[in-house]
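Worth saying up front: this structure is predicted, and the values here are computed from it rather than measured. Residue numbers count from 1 along this sequence.
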Amino acid sequence: MARDKESTAKKDDLDTTSPMYMHPLESVGSVLVPVSFDGTGYRSWRRGVLRALSVKNKVSFITGKCQKPAIGHATFDQWARCDNIVTSWILNSLSKDLADSLQYVNDAKELWQELEDWYDQTNGAKLYQPQEKINDLSQGTLDITGYYTKIKKLWEELNTLNAHAQCSC
């Protein structure tokens with residue numbers, strides 16, 4: 001009898017490697033990144049959010065890989081709970097004004113897509129800005145580590161923008 005209860009409990013437990021597993025310490029109020037996105041520095045903010053979601057095994061909610069089950073399906077409530085938490089985490093990582101303008105999205109995937117559509121654009125001005133900063137950068141009073149860190153960040157930003165601007169036609 002005890003063995004039957006044990007096997008039933010194991011079947012009912014959600015696999016901890018599943019994107020729908022929610023650790024008991026994770027909550028709606030969690031913050032993914034230390035600095036809120038306010039409309040500037042999208043790619044840096046985006047990278048931090050993707051890294052944090054990856055650590056929590058929740059990237060599949062924004063990519064659509066973890067698809068919404070049909071209403072009434074055995075996993076629907078668990079999926080909805082996880083998706084709401086991911087949506088809340090992302091909203092908590094935005095400035096108040098941005099978060100307010102995105103409160104009515106349907107799910108984490110739609111929220112992420114809205115942000116990508118609005119802020120992940122590459123144009124000449126965006127390519128010019130890091131190039132100009134690299135050209136104008138001088139070591140000045142910075143030690144070599146500080147100078148290297150600044151120029152490396154600018155080069156990585158420029159490389160990301162250039163990779164994104166590549167035409168695939």
Side-chain angles (χ1 to χ4, degrees), residues 1-123 125-127 156-169:
M1 185 68 125
R3 188 171 219 167
D4 288 336
K5 276 186 177 181
E6 188 177 306
S7 64
T8 302
K10 285 184 180 177
K11 278 194 291 186
D12 291 341
D13 287 346
L14 190 57
D15 177 9
T16 58
T17 62
S18 166
M20 291 205 300
Y21 172 76
M22 193 59 63
H23 190 275
L25 294 179
E26 293 178 324
S27 70
V28 172
S30 297
V31 176
L32 294 175
V33 290
V35 178
S36 296
F37 176 62
D38 63 359
T40 59
Y42 177 74
R43 290 219 167 78
S44 176
W45 172 86
R46 178 185 188 271
R47 188 174 181 150
V49 169
L50 287 172
R51 185 173 288 132
L53 289 175
S54 175
V55 167
K56 295 173 177 291
N57 195 22
K58 301 292 185 263
V59 173
S60 58
F61 283 90
I62 62 171
T63 63
K65 188 176 176 185
C66 185
Q67 294 184 354
K68 181 179 184 176
I71 295 174
H73 187 273
T75 60
F76 177 80
D77 289 341
Q78 182 67 25
W79 180 90
R81 193 169 23 260
C82 288
D83 187 76
N84 284 331
I85 285 197
V86 172
T87 302
S88 295
W89 289 340
I90 296 170
L91 289 171
N92 290 344
S93 300
L94 301 173
S95 69
K96 183 178 178 353
D97 290 340
L98 283 177
D100 286 347
S101 71
L102 292 162
Q103 282 295 324
Y104 295 100
V105 295
N106 293 315
D107 54 40
K109 183 177 186 253
E110 183 182 326
L111 171 58
W112 192 254
Q113 192 58 56
E114 286 283 327
L115 290 165
E116 293 279 280
D117 290 347
W118 290 358
Y119 299 103
D120 196 27
Q121 305 297 320
T122 299
N123 59 34
K126 285 188 178 180
L127 284 169
E156 286 178 5
E157 182 181 346
L158 185 60
N159 286 337
T160 301
L161 287 169
N162 279 328
H164 194 267
Q166 300 289 324
C167 180
S168 60
C169 15

If every non-hydrogen atom of Cys82 is compared with every non-hydrogen atom of Met20, which pair is closest and at what distance? SG-O, 3.1 Å
Please report the closest heavy-atom contact between Leu115 and Trp45, naming both atoms and the distance. CD1-CH2, 3.8 Å
Side-chain heavy-atom pair Lys58, Met22 within 4.5 angstrom cut-off: yes
Residue pair Val59 / Trp112, side-chain heavy-atom distance below 4.5 Å: no
[X] side, atom [atom1]; [Y] side, atom [atom2] - distance, nearest 0.5 Å:
{"X": "Arg43", "Y": "Tyr119", "atom1": "CZ", "atom2": "OH", "value": "13.5 Å"}
{"X": "Gln67", "Y": "Phe61", "atom1": "CD", "atom2": "CZ", "value": "11.5 Å"}
{"X": "Leu32", "Y": "Phe37", "atom1": "CG", "atom2": "CZ", "value": "14.5 Å"}

What residue pairs, at least two apart or across chains, pass side-chain hydrogen bond (donor to acceptor under 3.5 Å, both in side chains) with a residue in residues 98-109? Lys96-Asp100, Asn106-Glu110
For the backbone of [Y] and the side chain of [X], can you confirm whether one donor and one acceptor N or O come within less than 3.5 Å of each other?
{"X": "Trp79", "Y": "Cys66", "value": "yes"}
{"X": "Asp15", "Y": "Tyr21", "value": "no"}
{"X": "Glu26", "Y": "His23", "value": "yes"}

What's the verdict on side chain to side chain contact (heavy atoms under 4.5 Å, CB included) for Tyr42 and Glu116, showing C-alpha distance, side-chain angles and the deciding distance? CA-CA 9 Å; Tyr42 177 74; Glu116 293 279 280; 2.3 Å; yes
Using the test side chain to side chain donor-acceptor pair (under 3.5 Å), find all partners of Arg51 that sit at least two apart in sequence or belong to another chain. none
For Lys65, give me all partners under side chain to side chain donor-acceptor pair (under 3.5 Å), at least two apart in sequence or on another chain. none
Partner residues of Ser95 under the side-chain contact (heavy atoms from CB on, under 4.5 Å) criterion, sequence neighbours left out: Asp38, Asp97, Leu98
Stepwise, does the side chain to side chain contact (heavy atoms under 4.5 Å, CB included) test hold for Asn57 with Thr16? CA-CA 10 Å; Asn57 195 22; Thr16 58; over 6 Å; no
Side chains of residues 84-92: which donor-acceptor partners sit under 3.5 Å, not counting sequence neighbours?
| unit_1 | atom_1 | unit_2 | atom_2 | d |
| --- | --- | --- | --- | --- |
| Asn84 | ND2 | Ala80 | O | 3.1 |
| Thr87 | OG1 | Asp83 | O | 2.8 |
| Thr87 | OG1 | Ala108 | N | 3.1 |
| Ser88 | OG | Asn84 | O | 2.9 |
| Trp89 | NE1 | Ser27 | O | 2.7 |
| Asn92 | ND2 | Val28 | O | 2.7 |
| Asn92 | ND2 | Ser30 | O | 3.4 |
| Asn92 | ND2 | Ser88 | O | 3.2 |

